[in-house]
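Remarks on the structure that follows.
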Amino acid sequence: QVQRVESGGGLVQAGGSLTLSCAVTGSTVSYNLGWYRQAPGKEREFVAVVSRSGSISKYADSVKGRFTISRGNVKNTANLQMNNLQPQDTGVYYCNTIENLHAFTPYGPWGQGTQVTVSS
């Protein structure tokens, strides 16, 4: 019954910014939370993860220096601030619970994601 809900996607020009939000509901357990994305015709890939306490975060090399992940004020919520977006950032963005913070291992079903489209 644990659900993953993403929001905040949209259409933006290259160099612009978007903020995505994630909420994992239906559980009293606190999770590491991560973001993944899938571009058209490509495999889903890891983007960023934040620890249960919010003290540790890790990023894919492709987004380092541009994206910032943070936990929300509500338990099991997280945000992804995306700056200087580029066309290659286009895709459907998903959040998920992560058991192993350093292995970026997601578990549980995927939500429907939120679409991010970056035009040049």
Side-chain angles (χ1 to χ4, degrees):
Q1 294 298 312
V2 178
Q3 297 184 339
R4 299 140 177 85
V5 181
E6 304 90 348
S7 62
L11 175 64
V12 65
Q13 287 187 309
S17 299
L18 286 172
T19 300
L20 307 183
S21 297
C22 166
V24 176
T25 63
S27 177
T28 59
V29 176
S30 182
Y31 299 100
N32 304 311
L33 297 175
W35 284 96
Y36 299 77
R37 68 187 181 189
Q38 186 170 24
K42 295 186 177 181
E43 297 293 321
R44 183 155 40 211
E45 64 178 355
F46 166 79
V47 175
V49 62
V50 62
S51 65
R52 295 175 180 86
S53 67
S55 62
I56 301 173
S57 60
K58 292 187 174 183
Y59 301 89
D61 289 341
S62 59
V63 306
K64 286 180 179 177
R66 299 189 297 120
F67 291 10
T68 302
I69 189 171
S70 61
R71 299 195 74 91
N73 294 325
V74 179
K75 183 179 180 179
N76 287 331
T77 61
N79 300 312
L80 184 68
Q81 176 66 50
M82 306 184 295
N83 296 323
N84 192 23
L85 284 161
Q86 301 299 312
Q88 55 265 40
D89 295 316
T90 293
V92 179
Y93 283 67
Y94 304 87
C95 68
N96 212 332
T97 53
I98 298 176
E99 182 175 5
N100 190 327
L101 180 67
H102 299 96
F104 312 148
T105 308
Y107 63 92
W110 298 96
Q112 64 181 7
T114 185
Q115 176 71 45
V116 172
T117 303
V118 184
S119 62
S120 60

Hydrophobic clusters here meaning ILVMFWY residues chained together by side-chain heavy-atom distances under 4.5 Å, can you tell me if [X] and [Y] are in one?
X	Y	value
Val49	Val24	no
Ile56	Phe46	yes
Trp35	Val12	yes
Val92	Ile69	no

Verdict with supporting geometry, Gln81 and Asn79, side chain to side chain donor-acceptor pair (under 3.5 Å): CA-CA 6 Å; Gln81 176 66 50; Asn79 300 312; over 6 Å; no
Tyr36 ring center within less than 6.0 Å of Trp110 ring center: yes
Contact summary for [X] and [Y], nearest pair of heavy atoms:
X	Y	answer
Val29	Ser27	N-OG, 3.1 Å
Ala14	Ser120	CB-CA, 4.3 Å
Gly34	Ile98	CA-CD1, 3.4 Å
Glu99	Arg52	O-NH2, 4.3 Å
Ala78	Leu33	CB-CD1, 3.8 Å
Pro109	Asn96	O-ND2, 3.8 Å

How long is the gap from [atom1] on [X] to [atom2] on [Y], to the nearest 0.5 Å?
X	Y	atom1	atom2	answer
Phe67	Leu85	CZ	CG	5.0 Å
Thr68	Asn83	OG1	CG	6.5 Å
Gln3	Asn76	CD	CG	13.0 Å
Leu80	Tyr59	CG	OH	7.5 Å
Leu11	Gln115	CG	CD	9.5 Å
Leu20	Glu6	CG	CD	9.0 Å

So do the side chains of [X] and [Y] get within less than 4.5 Å of each other, counting heavy atoms only?
X	Y	value
Glu45	Arg37	yes
Val118	Gln88	no
Tyr94	Arg4	no

Residue pair Tyr107, Thr97: steps toward the side-chain contact (heavy atoms from CB on, under 4.5 Å) verdict: CA-CA 6 Å; Tyr107 63 92; Thr97 53; 3.5 Å; yes
Worked check of side-chain contact (heavy atoms from CB on, under 4.5 Å) between Met82 and Asp89: CA-CA 10 Å; Met82 306 184 295; Asp89 295 316; over 6 Å; no
Side chain to side chain donor-acceptor pair (under 3.5 Å) between Ser51 and Arg71, worked out: CA-CA 8 Å; Ser51 65; Arg71 299 195 74 91; over 6 Å; no
